[in-house]
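Presented below is the structure to which this report refers.
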Amino acid sequence: MSSRRRFIKQSGLASLGLIAAGQSSQATPKKHKSKKVTRPLAIATWKNGVQANVAAWDVLSKGGRALDAVEQGVKVVEADPNDMTVGYGGRPDRDGIVTLDACIMDETGNAGSVCALENIKHPISVARRVMEKTPHVMLAGDGALQFAKEEGFAEENLLTDKAKKEFQEWRKTSDYKPLINIENHDTIGMLALDAQGNISGACTTSGLAYKMHGRVGDSPIIGAGMYCDNEVGGAVATGMGELVMKTLGSYLVVELMNQGMSPQKAVEEAIARIVKKIPGYQDFQIGYLAINKAGEVGAYSLHKGFNYALYANGENQLIDSSYYLK
Ligand code: SD4
């Protein structure tokens with residue numbers, strides 16, 4: 001099957017039975033069954049998740065570890081200058097500096113993270129080194145850069161000409177208003193379930209374009225941008241990080257699954273929590289993905305327009321998420 005045909009939209013998926021139940025009728029979400037797919041599987045946020053999944057599948061299909069799959073998967077997007085919210089080519093902060101956030105978590109519950117990291121193309125791999133080679137979980141800013149250099153990562157300029165030009169345009173007004181689904185939304189969060197039944201997750205981003213220098217979002221925060229519990233499942237978040245941080249979204253999703261909810265019901269509940277707790281939530285987009293140990297998948301967002309890539313049963317598909325606000 002050609003890769004083009006694999007990127008089936010939601011309508012086609014419905015007939016294949018590959019859309020998580022509840023995805024098209026969340027106005028009255030009565031059924032919260034999540035679709036079960038065979039392991040291994042990889043799932044990733046936004047359309048760039050499709051190319052990330054290809055790299056992840058390469059690892060998973062050979063019996064590889066979920067941790068390696070998520071790292072290899074998100075690295076593809078980190079290196080892609082066309083994705084302007086992750087890694088190389090990411091939009092800078094309001095001082096014109098590209099700062100990166102990333103985290104990773106393995107099947108044993110180990111976690112590593114970096115935030116406000118400059119000049120390193122693959123923050124996810126630095127996060128993995130933090131996890132594997134230090135007694136800490138998170139390194140920030142200069143300390144993260146120092147560690148990366150000690151580990152042999154090369155410093156390079158991440159600000160592409162395109163991002164620089166856009167930034168110079170933006171500076172003419174300096175109007176800070178993230179647009180739902182348009183600006184800032186391509187962060188990659190990825191979860192994988194490997195053939196051995198182990199779960200890992202990764203999340204990496206340049207954060208919000210034109211954020212204040214030093215602003216850190218949800219993506220590198222274990223439990224906010226991503227969380228895994230190998231006995232239960234995993235979750236990742238994308239969108240306006242401040243809302244995810246205030247509700248510790250990914251941990252919430254996994255804990256809800258721990259208490260018996262399906263992945264679909266859990267992500268719907270996490271969105272409901274934002275709706276209940278955060279005034280003005282309508283102005284922002286949030287998207288959650290979740291998987292459980294059984295290979296069930298859930299996806300839900302605040303607004304229309306969130307999509308994700310699911311690679312399972314040998315098929316890599318881009319799927320439109322269901323959403324809360326009609
Ligand atoms: C952040 N959550 O820094 C990230 C941005 C994002 O899709 O996910 N964009 O707030």
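Residue indices begin at 1 and follow the sequence shown. Start at 1 and go down the list; that is how both ligands and their atoms are numbered.
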Heavy-atom pair with the smallest gap, counting every atom of F284 and H303:
O-CD2, 2.9 Å
Can you check whether T238 has an N/O within less than 3.5 Å of an N/O in ligand 1?
yes
Under 4.0 Å to a heavy atom of S219 - the qualifying atoms of ligand 1, by number
2 (N), 4 (C)
What atoms of ligand 1 come closer than 4.0 angstrom to any heavy atom of T187?
4 (C), 5 (C), 6 (C), 7 (O), 8 (O), 9 (N)
Would you be so kind as to tabulate the donor-acceptor pairs closer than 3.5 Å made by side chains of residues 224-234, with sequence neighbours excluded?
residue	atom	partner	partner atom	Å
D229	OD1	E231	N	2.9
N230	OD1	I199	N	2.7
N230	ND2	N198	OD1	2.8

If you look only at pairs with a residue in residues 89-139, which of them pass as a ring-ring contact (aromatic ring centres under 6.0 Å, His included), with sequence neighbours excluded?
none
Under 4.0 Å from a heavy atom of G207: which atoms of ligand 1 are those, numbered in the order shown and with their elements?
3 (O)
Are any of the N/O atoms on G239, whether in the backbone or the side chain, positioned under 3.5 angstrom from an N/O atom of ligand 1?
yes
Is there a polar contact between ligand 1 and T205, counting only N or O atoms under 3.5 Å apart?
no
May I ask you to check if ligand 1 and M240 share an N or O to N or O distance below 3.5 Å?
no
Same cluster for L193 and L67 if Ile/Leu/Val/Met/Phe/Trp/Tyr side chains link at under 4.5 Å?
no
Could you tell me which non-hydrogen atom of D101 sits nearest to which non-hydrogen atom of G217, and how far apart they are?
OD2-N, 3.3 Å
How does Q285 reach ligand 1, if at all, at less than 4.0 Å between non-hydrogen atoms: by side chain, backbone, both, or neither?
neither
Taking V77 as the fixed residue, which of V86, T85, N82 is the one that meets the side chain to side chain contact (heavy atoms under 4.5 Å, CB included) rule?
V86
Y281 vs Y324 aromatic rings, parallel, tilted or perpendicular, using cut-offs 30° and 60°?
perpendicular
With a cut-off of 4.0 Å, which atoms of ligand 1 are near a heavy atom of W46?
7 (O)
Judging by distance only, is a nitrogen or oxygen of E242 under 3.5 angstrom from one on ligand 1?
no
Work out which heavy atom in V137 is nearest to a heavy atom in V130; give both atom names and the distance.
O-CG1, 3.4 Å
Please could you name the atoms of ligand 1 that D218 approaches to less than 4.0 Å, counting only its heavy atoms?
1 (C), 2 (N), 4 (C), 10 (O)
